[in-house]
Amino acid sequence: MSRLWIGTSWKMTKTLSEGRAWARGLVDHLATTHDGQAPAGVQPFVIPSFTATTTVAEILGEDSPVLLGVQNAHWEDAGAWTGEVSVPQAKDAGAQVVEIGHSERREHFGETVETTRLKVAAALRHGLTPLLCIGESAEVKEAGGSSAFILDQAAGALEGLSEEELSRVVIAYEPIWAIGEKGRPATVEELVEPLAALGEKYTGKVAGLLYGGSVNLENAADLLGIEHVTGLFVGRTAWKLEGYLELLAIAQAHAAA
Ligand code: PGA
């Protein structure tokens, strides 16, 4: 089995000193307990705010087992796009992963299937891993349309990719109703069908199929046990380093089982 991707986006949290403390703590933990490597069977990743990208890159150091990402990037390489950051700029700052299409960006910042498609292509063009987030609203779920909706979101964003390009994409299924303070943790039963729909189409073709949305220390092992799930994308629980380290340990145990 490929490695379990376990990562966090800090969203719009953490000062530089808080980010430094988290990243240093992670590096120290891996140095003392894992000989500076990733826990066996696990691919850690962290996605700070843009302002902390280079700081975290420096702390992780070259050849770190922890992948570094950005929470968004523009599809053009450069130009008059005030307020935006391009994929080449993100790469220059040390990023290897580009998060694309998180539901908060779709809801508040006009991200569409078309812009996610352009951004996935831009990330791939520059050799970065697109981490494509998809997920349905509570209304869509209640109407029974979860699987069709997320398959459409994925197909739209991944349209036209070659097999080789698709093999470099990571998909994160994050139902909107399960994300953040306003969300509620999903039950395993609720997730089996949408993940099966995604898995039937993408398992073996993409680099990973992650689950995200109110992942915590109580449900992480069960979520990793759902068929087709190859990792977890985590907000609040991982913002405290202790929570993230616990998740790494849970994933390592799962990988070893
Ligand atoms: P949460 O965030 O873990 O705090 O629910 C998940 C996400 O938005 O990826």
Side-chain angles (χ1 to χ4, degrees), residues 4-14 18-19 22 26 42-50 52 56 66-73 95 97-111 116 119-120 123 129-138 140-141 146 149-150 153-154 157 169-188 190-191 194-195 198 206-224 226 229-251:
L4 297 170
W5 283 56
I6 304 293
T8 179
S9 159
W10 292 348
K11 304 194 182 183
M12 197 172 71
T13 72
K14 295 197 190 297
E18 289 164 349
W22 191 102
L26 175 59
V42 179
Q43 174 58 70
F45 67 98
V46 56
I47 310 188
S49 298
F50 281 116
V56 173
V66 181
L67 293 176
L68 177 64
V70 288
Q71 297 175 21
N72 176 41
V97 175
V98 183
E99 182 180 353
I100 295 166
H102 189 279
S103 60
E104 288 151 19
R105 295 215 53 87
R106 293 182 196 254
E107 182 183 350
H108 303 298
F109 303 102
E111 195 83 79
T116 60
K119 290 175 180 191
V120 166
T129 300
L131 172 55
L132 173 68
C133 301
I134 54 174
E136 83 286 7
S137 65
V140 170
K141 173 180 161 55
S146 301
F149 185 88
I150 57 178
Q153 277 187 329
V169 173
V170 173
I171 297 175
Y173 171 47
E174 304 204 305
I176 299 170
W177 47 269
I179 291 178
E181 294 298 340
K182 292 188 214 131
R184 63 158 176 92
T187 64
V188 166
E190 287 175 302
L191 298 176
L195 283 162
L198 289 169
V206 295
L209 178 52
L210 318 189
Y211 174 74
S214 294
V215 173
N216 58 45
L217 301 182
E218 284 71 48
N219 64 14
D222 289 342
L223 294 167
L224 284 171
I226 301 175
V229 171
T230 63
L232 299 171
F233 190 23
V234 188
R236 292 157 296 159
T237 297
W239 293 347
K240 283 207 180 79
L241 180 65
E242 304 72 57
Y244 184 62
L245 298 183
E246 275 288 322
L247 291 169
L248 290 180
I250 290 168

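Each ligand, and each atom within it, is numbered from 1 in the order the structure gives. Computed from heavy atoms alone, side chains included, the values below leave out hydrogens, waters and symmetry copies.
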At a 4.0 Å cut-off, with the gap strictly under it, does some heavy atom of I179 reach an atom of ligand 1? yes

Of the choices E174, R184, K11, E104, which has the non-hydrogen atom that lies closest to atom 8 (O) of ligand 1? K11

Measuring from atom CG of L210 to atom OH of Y173, what distance do you get when rounded to the nearest 0.5 angstrom? 13.5 Å

Cut-off 3.5 Å, side chains only: do R106 and T116 have a donor facing an acceptor? no

Using a strict 4.0 Å cut-off to heavy atoms of G180, name the atoms of ligand 1 that fall inside it. 1 (P), 5 (O)

What protein heavy atom sits nearest atom 6 (C) of ligand 1, and how far away is it? G235 N, 3.8 Å

Should you measure from each heavy atom of R236, which atoms of ligand 1 turn up under 4.0 Å away? 1 (P), 3 (O), 4 (O), 5 (O)

Can a salt bridge be assigned to the pair K141 and E190 using a cut-off of 4.0 Å between side-chain N and carboxylate O? yes

Verify side chain to side chain contact (heavy atoms under 4.5 Å, CB included) between N216 and R236, making sure each step is shown before the conclusion. CA-CA 8 Å; N216 58 45; R236 292 157 296 159; over 6 Å; no

Could you walk me through whether W10 and E18 pass the side-chain hydrogen bond (donor to acceptor under 3.5 Å, both in side chains) check? CA-CA 11 Å; W10 292 348; E18 289 164 349; over 6 Å; no

Nearest atoms (heavy-atom pairs only) where A178 meets S214: O-OG, 2.7 Å

Sub-4.0 Å heavy-atom approach of G183 to ligand 1: no

Which ligand 1 atoms are under 4.0 Å away from a heavy-atom of H102? 7 (C), 8 (O), 9 (O)

